[in-house]
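Each chain gets a letter, A, B and so on, in the order the sequences are listed, and its residues count up from 1.
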2 protein chains.
Amino acid sequence: METTPTSKRKPTIRDVAAAAGVSRGTVSRVINGGHWVSPDAKAAVDQAIKTTGYYANAAARSLATGRSNSVAFLLTEPQHLLFADPTFSLLLRGAAQELSQRHMTLVLLVAGTPEEHVNVAQYLGAGHVDGVLLISSHESDPLLESLIATGVPTVACGIPLGHASDMPTVSVDEIVSARTATRHLVERGNQRIGMITGPADTPGGRYRLVGFREELGDNFDPNLVEPGDYSMASGAAAMAALLERAPDIDAVFAASDSMAAGAVGVLRKAGKRIPEDVSVIGFDDSGLALTVEPPLTTMRQPFEQISSEMVGLLLHVIEGGTSKSVTLPTSLVVRDST
Amino acid sequence: METTPTSKRKPTIRDVAAAAGVSRGTVSRVINGGHWVSPDAKAAVDQAIKTTGYYANAAARSLATGRSNSVAFLLTEPQHLLFADPTFSLLLRGAAQELSQRHMTLVLLVAGTPEEHVNVAQYLGAGHVDGVLLISSHESDPLLESLIATGVPTVACGIPLGHASDMPTVSVDEIVSARTATRHLVERGNQRIGMITGPADTPGGRYRLVGFREELGDNFDPNLVEPGDYSMASGAAAMAALLERAPDIDAVFAASDSMAAGAVGVLRKAGKRIPEDVSVIGFDDSGLALTVEPPLTTMRQPFEQISSEMVGLLLHVIEGGTSKSVTLPTSLVVRDST
DNA sequence: GTCAAAACTGTGACCGGTCACAGTTCTATC
DNA sequence: GATAGAACTGTGACCGGTCACAGTTTTGAC
């Protein structure tokens with residue numbers, strides 16, 4: 001302990017007030033924008049803050065104001081899927097950035113196991129955060145109920161199945177996007193088009209399949225549909241199943257880039273050339289798309305915009321504004337896999 | 001608004017006390033373990049908590065106890081590198097899991113830009129978290145100084161250059177690991193072994209090169225070393241540079257799997273077969289290693305253990321315990337790229 | 001020179017918990 | 001049946017801010 005300048009307890013607003021020769025109230029005013037305080041007083045306080053090394057105590061402030069200036073980024077996936085999906089990372093990065101610009105903090109909450117569910121419910125109930133960014137939600141998720149019950153402001157990414165109108169959402173038009181992807185394959189002349197879907201209890205899992213089916217119309221063959229869970233491994237497994245059931249398959253639409261990447265691996269091992277023998281299109285444009293050989297054609301989701309819109313909406317609701325939902329467009333990115 | 005049970009303000013400990021017919025103190029005791037309270041009183045309080053829907057207010061508790069029951073997961077990389085590196089995700093997941101088991105919360109802080117640096121310093125200064133998990137630190141990082149200055153308990157991942165003894169750390173033996181990787185290539189009979197290093201101002205960037213050089217001894221050729229920044233793109237660029245400078249290169253050791261993956265892409269495009277023409281070994285075993293074709297031989301870092309040790313050490317320091325550092329072993333995982 | 005409004009400042013109450021301490025009841029022991 | 005100690009309970013002070021309000025000074029218009 002050669003250096004012991006940390007010996008004393010942290011300075012409080014009273015210490016600063018004393019040092020500056022003013023009252024607590026004046027110091028508080030300076031901290032919060034400095035309106036209605038004389039230049040002299042402000043200068044003295046600024047100086048005192050510097051010399052004392054003062055930081056406003058977060059807990060005390062929260063207690064007094066009822067605001068915490070932080071929001072939760074809530075993931076409800078089982079752990080092993082969480083970070084496998086680059087989608088989350090993109091949203092996380094975007095949200096963190098957007099929030100930090102507004103001097104708010106992102107608290108990452110993971111509610112994978114039932115045990116964690118109660119932890120999280122407790123945490124949110126304790127008023128630890130001002131709002132919640134709900135990232136992935138499966139149908140009839142119990143957490144959704146308790147979120148609605150506690151009344152904490154929430155914005156969902158994608159429209160939670162069964163709770164379409166319970167909270168503001170930011171989403172892409174799944175059906176239109178899926179139709180665009182499917183049409184792209186049709187226009188390329190593919191005849192036997194398969195699909196690897198996401199879980200049926202997620203909006204992306206359900207509605208991308210709807211779009212796929214709608215676009216194919218009479219050519220839709222339920223035998224060419226295989227479910228996955230968005231992970232690369234599940235994409236590989238699904239592709240293997242499809243290949244076995246329908247060796248003549250000449251194109252596949254995967255509901256995520258990860259699954260598309262898994263599918264590509266299987267196809268290559270099976271001796272198929274991409275796109276000559278089988279075309280592959282993914283969904284997300286998650287950065288992974290470029291690392292696959294060949295680079296994936298995919299439906300680009302505007303993640304930057306999604307996270308920024310989510311934060312914007314959430315803050316608006318927190319401030320007491322009325323809630324509304326936003327739908328953003330996707331775009332087809334053609335690369336070498338089709 | 002068909003259901004409006006959320007109308008009234010949240011119940012406080014006083015409401016619970018009143019409902020249970022006991023005092024605030026007794027309620028507080030029940031919440032915190034229930035010692036020294038009669039079974040009758042405890043039952044009444046438990047019941048009252050349920051009927052009122054009470055949750056202890058986090059801010060009030062923090063203010064009174066001086067603890068926040070949350071720790072920061074602090075990243076200091078520029079944004080674009082952050083989530084490209086799967087390493088972070090692994091550590092994040094591990095830490096979140098470990099903390100949630102102890103009913104603590106993980107707060108993700110990103111300090112990429114200088115502006116974010118001051119935000120973060122402020123946040124930490126405000127006592128918002130009980131401790132900090134410092135993930136990636138470049139030499140002479142200003143944030144490091146302010147961390148040390150504010151005296152907030154911190155545990156670093158990897159030994160921060162220039163601050164070796166200023167805080168507890170959890171790390172792997174970089175030099176030994178790099179020697180093991182290099183020896184593997186030598187034992188395979190490779191003669192012209194190159195290396196793609198990490199940034200020289202990070203411990204992994206510096207010491208993995210040291211190990212590489214030590215192991216090669218007189219066979220070390222500085223011409224076969226090219227720096228990267230751990231990203232896939234930088235790995236590709238470095239590999240291209242090496243290939244141009246030394247077309248006879250027959251093996252390459254990359255300081256991360258991401259860079260190895262980038263290198264593999266370039267090698268394949270250059271018509272090199274892996275491992276017949278050029279062997280590639282990575283570092284991390286980050287999950288990416290398995291997605292590369294061929295699957296990467298790599299040095300496995302025990303991320304699960306690293307994050308769990310970090311959390312353990314940090315909590316120990318927070319509780320006032322003495323600090324110590326931990327070094328964990330890596331292991332060679334041989335796959336098809338060597 | 002008067003007076004009202006604007007600009008500035010200080011004070012006490014309050015946010016919702018925890019904690020130390022004092023007070024009460026219950027048990028066990030001699 | 002007195003007494004010590006353990007088990008249990010309630011009270012007031014306190015954590016460190018914010019806020020409403022009251023009080024003081026300055027400004028400007030007539």
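- In this structure, B/Ala59 reaches neither bases nor backbone, as no heavy-atom distance under 4.0 Å exists between it and the strands shown.
- Proximity note for B/Ala60 (side chain, C-beta onward) versus C/dT9, D/dT18, C/dG16: the nearest is C/dG16.
- Residues satisfying the ring-ring contact (aromatic ring centres under 6.0 Å, His included) criterion with A/Tyr123, sequence neighbours excluded, are A/His128.
- Proximity of B/Asn57 to the phosphate of C/dC15: no side-chain N or O atom is located under 4.0 Å from OP1 or OP2.
- When the P atom of C/dG16 is taken as reference, atom CG of B/Leu63 falls 12 Å away, rounded to whole Å.
- Taking 4.0 Å as the cut-off between side-chain N and carboxylate O, B/Arg67 and B/Glu319 count as a salt-bridged pair.
- Nucleotide D/dG16 holds its C1' atom 10 Å from the CG atom of A/Asp15, rounded to whole Å.
- Within the 4.0 Å cut-off from OP1 or OP2 of C/dG17, not a single side-chain nitrogen or oxygen of B/Tyr55 is found.
- Using a 4.0 Å cut-off between charged nitrogen and carboxylate oxygen, B/Lys50 and B/Asp46 do not count as a salt-bridge pair.
- The phosphate of D/dG10 (OP1 or OP2) has a side-chain N or O of B/Ser23 nearer than 4.0 angstrom.
- Atoms CZ (A/Arg67) and C1' (C/dC15) sit 16 Å apart, rounded to a whole Å.
- Two residues, B/Thr65 and B/Gly25, neighbour DNA chain D, and the one matched to the more 5' nucleotide by heavy-atom proximity is B/Gly25.
- Looking at heavy atoms from C-beta onward, B/Leu314 lies out of side-chain contact with B/Glu309 at the 4.5 angstrom threshold.
- In this structure, the CD1 atom of A/Ile13 is 14 Å from the P atom of D/dC15, given to the nearest Å.
- Rounded to an integer number of Å, the gap from NE2 of A/His35 to P of D/dT18 is 14 Å.
- Protein atom NZ of A/Lys42 is 16 Å distant from nucleotide atom C1' of C/dA7, rounded to whole Å.
- Using a 4.0 Å cut-off, some side-chain N or O of A/Thr26 falls inside it from OP1 or OP2 of C/dG10.
- One interatomic measurement links the two molecules: CD1 of B/Ile31 to C1' of C/dG16, which rounds to 10 Å at whole-angstrom precision.
- For B/Asn32, whose side chain is taken as the heavy atoms from C-beta onward, the closest listed nucleotide among C/dC8, D/dG10, C/dT18 is C/dT18.
- Comparing B/Ala64 and A/Gly21 against DNA chain C, the residue whose closest nucleotide sits nearer the 5' end is A/Gly21.
- Judged by distance alone, the side chain of B/Thr76 and the main-chain N or O of B/Ala111 form no donor-acceptor pair under 3.5 Å.
- Counting any heavy atom pair closer than 4.0 Å across all strands shown, B/Ala58 reaches no nucleic acid atom.
- OP1 or OP2 of D/dT9 lies within a sub-4.0 Å distance of a side-chain N or O belonging to B/Ser38.
- Put simply, the side chain of B/Val155 does not reach to within 4.5 Å of the side chain of B/Met167, judged on heavy atoms.
- Among C/dG12, D/dC15, D/dG17, the nucleotide with an atom closest to any side-chain atom of A/Arg24 is C/dG12.
- Remark: P of C/dG17 and CD of A/Gln122 are 13 Å apart, rounded to the nearest angstrom.
- Picking from C/dG17, D/dG17, C/dT18 the nucleotide with the shortest atom distance to the side chain of B/Thr12 gives C/dG17.
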